[in-house]
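Okay, so here's the structure we're looking at.
Quick caveat: nothing in here was measured; it's all calculated off a predicted structure.
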Amino acid sequence: MKTVKFTNEEMEKLSKAGYQRYIARNEVIYLEGDAANTLCIIRSGRVRVLLTTPEGEELTVEIVEKGRLFGESSFQSKSVRPTTVKAVTDVDLICCTIDQLIPCLCRNPEILMKVLQHCSGTMNHLSYALHSCRFMNRYQKIASFLLEETDTDNPDKDITEHCLPYSHEEIAMCLGMSRPTVSQVLKAFEREGWVQCAYRKVYVLDQEGLAGIGQNEKYILR
């Protein structure tokens with residue numbers, strides 16, 4: 001899936017509006033329920049946006065990489081964070097309050113357009129996730145996830161040549177499924193010749209096969 005990203009030049013302009021923040025790998029950037037007072041742009045690294053339960057279970061909403069933003073809830077006055085965000089790698093951030101950001105957006109309409117596209121992309125992603133949760137079975141969910149994530153090369157997420165660099169556990173966390181279920185489904189896909197699994201990698205070999213799973217009677221009702 002093609003994502004909109006800020007260029008290095010645009011991030012330089014944004015850095016003048018806010019401040020720089022460094023986060024070490026695995027550290028929490030903010031927690032669900034915290035005051036939403038800053039928007040963050042990733043200069044380098046990756047973060048994981050997730051939901052948590054009181055029992056400590058986690059559901060990954062999205063992995064966000066270099067050139068993208070997170071924390072859009074800051075646009076709403078006196079709002080709180082609906083998600084928790086953790087650093088997947090060491091992360092270099094540009095953080096801006098909305099008051100700091102608005103003058104920059106007024107001076108740079110191309111940056112304003114990308115911010116709006118990012119917000120629209122987030123809504124589309126959440127709509128897709130809701131549709132997947134409600135209407136797809138486990139085979140369709142995993143096939144759709146593999147196709148969406150590997151459709152376009154994304155070096156900032158280490159995704160190239162239709163290879164997803166995720167373990168079965170990480171795929172399970174992204175989809176709210178158990179690791180054994182993910183492993184079972186991927187083994188079925190391997191038998192079909194649609195994917196090939198390696199250590200912390202899944203290679204998509206047959207996009208048409210995965211894309212047609214919704215019409216494959218073998219997997220529709222399972």
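Counting only heavy atoms from C-beta outward, the side chains of T83 and E32 never approach each other to under 4.5 Å. Considering only heavy atoms from C-beta on, E149 stays 4.5 Å or farther from C174 through its side chain. Between K5 and K66 the shortest side-chain heavy-atom distance does not fall below 4.5 Å. Taking 4.5 Å as the limit, every side-chain heavy atom of R46 sits out of range of all side-chain heavy atoms of D156. Side-chain contact between K157 and Y166 is present, with heavy atoms from C-beta onward closer than 4.5 Å. Residues S120 and N124 form a side-chain contact, since some pair of their non-hydrogen atoms from C-beta on lies under 4.5 Å apart. Taking the side chain as every heavy atom from C-beta outward, T38 and R21 never approach each other to under 4.5 Å. Residues L186 and L146 meet the side-chain proximity criterion, which asks for heavy atoms closer than 4.5 Å.
Taken to the nearest 0.5 Å, the CD1 atom of I142 stands 4.0 Å off from the CE atom of M177. Atoms OG and CE, from S178 and M173 in turn, are 13.5 Å apart once rounded to the nearest 0.5 Å. The distance from atom CZ of R179 to atom NE2 of H168, rounded to the nearest 0.5 Å, is 8.5 Å. The CG atom of L175 lies 13.5 Å from the CZ atom of R138; values are rounded to the nearest 0.5 Å. Taking CD1 of I171 as the start and CZ of R200 as the end, the distance is 10.5 Å to the nearest 0.5 Å. Atoms SG and CD1, on C96 and I41 in that order, are 4.5 Å from each other to the nearest 0.5 Å.
Residues H162 and T150 come closest through the heavy atom pair ND1-O, 3.1 Å. Nearest heavy-atom pair across L205 and G193 is CB-O, 3.7 Å. Among all heavy-atom pairs drawn from G71 and L39, the shortest one is O-CD1, 3.3 Å. Across Y128 and M136, no two heavy atoms sit closer than the pair CE1-CE, 4.5 Å. When all heavy atoms of C119 and F75 are compared, the closest pair comes out as SG-CE1, 4.2 Å. E192 approaches K218 most closely through the heavy-atom pair OE2-NZ, 2.8 Å.
One hydrophobic cluster holds both V91 and Y30 under the rule that ILVMFWY side chains link at heavy-atom gaps under 4.5 Å. If you chain together hydrophobic residues whose side chains sit under 4.5 Å apart, F145 and L147 fall into the same group. Under the 4.5 Å side-chain heavy-atom criterion for grouping Ile, Leu, Val, Met, Phe, Trp and Tyr, L101 is connected to L112 within one hydrophobic cluster. By the criterion of side-chain heavy atoms lying less than 4.5 angstrom apart, applied directly or through intervening Ile, Leu, Val, Met, Phe, Trp or Tyr residues, V49 is not grouped with V80; the two fall into different hydrophobic clusters. V4 and F70 sit in two unconnected hydrophobic clusters of ILVMFWY residues. Membership requires side-chain heavy atoms under 4.5 Å apart, directly or through other members.
Counted within 6.0 Å of CD on E57, heavy atoms from surrounding residues, nucleotides or ligands total 12 or fewer; the atom is thus considered open. E161 CD: 12 or fewer foreign heavy atoms inside a 6.0 Å radius.
For the side-chain hydrogen bond (donor to acceptor under 3.5 Å, both in side chains) test, residues two or more places apart in sequence or in another chain that qualify with R68 are E62, E65. Residues passing the side-chain contact (heavy atoms from CB on, under 4.5 Å) test with C104, sequence neighbours excluded: L14, A17, R107, N108, I111.
Between Y139 and Y219, the two ring planes are tilted [angle within 30° to 60°].
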Q) Going through the distances and angles, do I42 and L93 end up as a side chain to side chain contact (heavy atoms under 4.5 Å, CB included)? A) CA-CA 5 Å; I42 303 176; L93 299 176; 3.8 Å; yes
Q: Walk me through it: do S74 and R81 pass the test side chain to side chain donor-acceptor pair (under 3.5 Å)?
A: CA-CA 8 Å; S74 302; R81 302 294 189 189; 3.2 Å; yes
(Q) With side chain to side chain contact (heavy atoms under 4.5 Å, CB included) as the criterion, how do V115 and F6 come out once you've worked through the C-alpha distance, each side chain's angles and the decisive distance to 0.1 Å? (A) CA-CA 9 Å; V115 169; F6 296 108; 3.9 Å; yes
Q. Should L51 and V61 be marked as a side chain to side chain contact (heavy atoms under 4.5 Å, CB included) after you check the CA-CA gap, both sets of side-chain angles, and the distance that decides it?
A. CA-CA 7 Å; L51 296 170; V61 177; 3.8 Å; yes
(Q) With side chain to side chain contact (heavy atoms under 4.5 Å, CB included) as the criterion, how do K114 and Q117 come out once you've worked through the C-alpha distance, each side chain's angles and the decisive distance to 0.1 Å? (A) CA-CA 5 Å; K114 285 191 177 180; Q117 289 172 331; 3.9 Å; yes
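With hydrogens and angles ignored, the 3.5 Å screen pairs a side-chain donor or acceptor of D90 with a backbone N or O of R25.
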